[in-house]
Structure formats: C-alpha cells, structure tokens
Amino acid sequence: MSNKILPADFCNRISAQIPEDAADLLAVLDTPPPVSIRINPQKLQDYAAGIPMLWHQEGYYLFERPSFTIDPLFHAGAYYVQEASSMVIVNFLETEKYEKILDLCAAPGGKSTLLATAMQQDTVLISNEVIRARAGVLSENMTKWGSPNVIVTNNDPRHFGALQSYFDLIVIDAPCSGEGMFRKDLDSRNEWSLENVAICAARQMRIVADVIPALAAGGHIIYSTCTFSAAENEELIQQVLQAFPEMELSPVVLDERWGLVSSEINGVSNSAYRCYPHKLKGEGFFVCRLQKKGVKPAKEEIFISSKNARNQQNSSKKDAKKTPFPEKEMKRFLREYAVENIEMYEDNLFYLTPQVKETLKDLARFHFIKKGILIGKIQGKDFNPAHEWALCPEVATDLPIIDLDLPQALDYLRKNDLPNDTELINGWALARYEGVNLGWIKVTPQRLKNHFPVNWRIKHL
Ligand code: SAM
C-alpha cells in the first residue's frame, strides 16, 4: 500500500535548507495541486473556462480537473495538460537566436510542445527521449500538437556528442528525485531517498557533460528539474561550471510578482530560479540558463564527425526516392505553398521543410521515431492521407469538412463508423469538432468510415 507520508529525511533536510519557509512548504504539499493546461494557438484562441497564467500567455488554470479523455479537443492537440511552474521556461528563450533546438529529455512532451510553438517558423526542434516506450508517447503528443519542424529521436545523450557545436539551444529537463511532485504524484514519496538524490545528481552531471560538445558557441542550455535538493540544482550547476570553463551563467530577470525565488550561483544574482508551491500556483521546479562562451562560427565551419558525414551521404542516396507520385490527387490535401516540401520515401509521402531535410541528413545515424509530418501513403492507385496530416496546420483548408457534435465526436474517437447524413457521397473528409480537426473520414453513400488510428481510440468512457 502507498505510504502517503512525506519522508522524514526529506522533511529534515527542508527544515535545514529553508528554516523560515519549511512549515509552509511541507503543509502545502498535503493540499490538492492546481490543474493547468497550455493551449495550442494554432488550434485554439483562448480557453474561456480557465484563469490566465502570469508567466505564460498560453497557460491557464482550470477550476477543477475535468476528464480530459472525454474532451475531443484534448485528442486533437488543441491544448496540453501541463504543470504550471514548468511553463516558466518560455521566459528563458531567445527564440530569434535559435536555428536548431535539442530537447534532450523530452517525454512526454510538455517542454517540446511549448518549444515547438514558441520557436520561429524555420527553427528545427529535435525532441529526444532515451526510453523507447516513452519516446512513443512523446511522438504521439508531438503528432497531436501538429508542428511541422519537429523530429523525434530515441537516443542516449552521449550520441549527441558527435554533433559538435550543432545546437543553439539544448533543453535538459533532467530526470530527478521528483520532490516537486510530492503533492501531484503521491507515489513519488515512496520512491524518494537520500541515496536516490545522490544517484540522480551523478546522472544529471553525466547527461549535461554528454551534450556540452553539441552546443554551439554562444548557445544556451536551459537546465531544469522538478526537485528542491540543491545537489541536483545549484550545486550541480556549480560542478558543471567548474568542469566546463567554456560555460557561463546566463542570468534572466523575471517579474518579481510571479513569486519565483531567485537563486544566486557563484555570487551571480538571477542566475537560477526556484518555484515553491507555497509561494506560487504551481509545483516545485528549478530552472537555470547557461551559455557557451564565444560566437557561433559561420555555417561551413560547423563540424560533424567524419563518420557521421560519410554515413549521411550514403543514407541520403539510399532513402530519398524521387519517384513520381499521384500528384494531382495528392495536392488536394496540401495548402498551395506546402507542395514544394513533399518528399517521398518508398510509398510514404512526408512534409519536410528544407530545414528539417537538412537536419535529417546531419543526424543520419540517429534513431528516428518521427520525421517532420507524414502526409500519407500511396496504395496502388489510391492516396490515403495520414492521421498526423489531419492534425497539422499545413493541411488544405478547402477539403470537405464534417462537423461533429460532442456525442458524434466521442463516437468518432472510439473509432466507430457514423451514419452518413451529410450531402457528401464519396471521398476523403476531415472530421472536425468545435473548429478543430480530429482526423479523417472516408465517405461512402451510407456510412462515414472512420480512419482514426486504432491504437489511439478511446477504449473506456
Ligand atoms: N521534459 C519532459 C516534459 O516536459 O514533458 C519531462 C522529462 S522528465 C522530467 C525526464 C525524462 O528523462 C524522462 O522522460 C526520462 O525517461 C528521461 N531519462 C531518464 N534517464 C535518462 C538518462 N539517463 N538520460 C536522458 N534522459 C533520461
């Protein structure tokens, strides 16, 4: 049975760490956590049933926790359910500086969906997760979100060392001892121990050290955890600065009214921040920004390990098959300007922007879970659009639409066919709920055939 009491060693350490605040913090950990979401501005303009968040204009608190499963907008990627404090990282971004972003520990996708929305249109996000099953969940969430300039990989942090001076921003939302989740996830209290804090700190150091070579000069690392222990936060950053003299603190000044507590590292103010749940409406969180000294070299000078470069040439010859495809049929599914970004691999058509294509070549040896957006598949003479294309904002706007009400939308998400009471008699149409695309329907005179992915269907309502 789950022991819901806060670990005694944790309480003792907090009492020594923040003596004036310890009682308030420990008390608030036994109260219900706030519920918050972040909207996808490509799909929703606002969230009328929520209270706007102070530090992220797309963040909202909800009055209570609804059943997200029975909200079609949740399945359509119109919003992401995300803990409030972690959204503060949006204020650490200098998006105009970033051509390539790596989100190193990305599953299930909270930071990656935030980055995909905040980054500039021609920036590429590599969203990586080392644990295979979690990389699948990440890919699903990125698919729902629909941003085209995203690549999902399933690699160990040390693999990124081959990409020297490649990324302009690396987000490391490190696996940690999870003290900040003690009220949201009661089981995390049982998994905690002083030994585990030390194990996490050692692992965090390895993870950061693995990717520092991949950061371009002048580039940022945003390091975050959801724990209160200094060993995994300020002390970890101090160790990094000692071991890597090419790295320096990159302070950010936040609005004091938001309630974050500024940490001083090596005497530098605003070099890091802590979110405490007794001081703001969110869970425990730590965030710090570092910068690599120097200036990013001109493009030609960026060095990718020779082994990688060789493989990259072979693989681009092997993979990209420029065979003709049923162009006319295909084009109906894309906005006019999107047509030039079609790439065909065997019978699959992908939407790959020039930046994504270039990045895929650079990362030829990586394990891809998702590359740009799959538009669809050619099967014989037919072209079948892919689910992820329905959820991408580049999908054509003049395709037939079938607007579903709530019971119909839930039936659609259960993967049931619907009776055809529309004027349409055949062809592909987009199922839509409250103006947001849910997926594809193949129309026949009697039925609306459901093409929602079988693995994603709602099994229990
Ligand atoms: N950034 C995610 C988000 O916002 O949704 C949450 C990331 S969670 C705090 C940390 C992630 O690191 C987990 O997905 C975990 O599987 C992954 N992880 C675990 N061990 C790791 C390791 N040795 N190297 C890199 N990532 C690891």
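As the structure lists them, so they are numbered: ligands from 1, and atoms in each ligand from 1.
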Novice: Give the contacting part of Ile131 toward ligand 1: side chain, backbone, both or neither, where contact means a heavy-atom distance below 4.0 Å.
Specialist: side chain

Novice: Within ligand 1, which atoms have a heavy atom of Pro108 less than 4.0 Å away?
Specialist: 5 (O)

Novice: Under a 4.0 angstrom heavy-atom cut-off, which atoms of ligand 1 come close to Gly110?
Specialist: 3 (C), 4 (O), 5 (O)

Novice: Report the part of Arg134 (side chain from C-beta onward, or backbone N, CA, C, O) that has a heavy atom under 4.0 Å from ligand 1; answer both or neither where that applies.
Specialist: side chain

Novice: Do Gly109 and ligand 1 have an N or O pair less than 3.5 Å apart?
Specialist: yes

Novice: Before we go on, tell me: are the rings of Tyr273 and Phe285 under 6.0 Å apart, centre to centre?
Specialist: no

Novice: N/O to N/O below 3.5 Å, does that happen between Tyr80 and ligand 1?
Specialist: no

Novice: Considering distance alone, does some N or O of Asp103 sit under 3.5 Å from an N or O of ligand 1?
Specialist: no

Novice: Record the part of Pro157 in heavy-atom contact with ligand 1 below 4.0 Å; permitted values are side chain, backbone, both and neither.
Specialist: side chain

Novice: Does any N or O of ligand 1 fall below 3.5 Å from an N or O anywhere on Ala174, backbone included?
Specialist: no

Novice: Could you check which of Arg203, Glu83, Glu129 puts a non-hydrogen atom nearest to atom 14 (O) of ligand 1?
Specialist: Glu129

Novice: Specify whether Phe228 and Tyr276 have parallel, tilted or perpendicular ring planes, treating 30° as the upper limit for parallel and 60° as the lower limit for perpendicular.
Specialist: parallel

Novice: Under 4.0 Å, heavy atoms only, figure out whether ligand 1 is touched by the backbone of Ala106, its side chain, both or neither.
Specialist: backbone

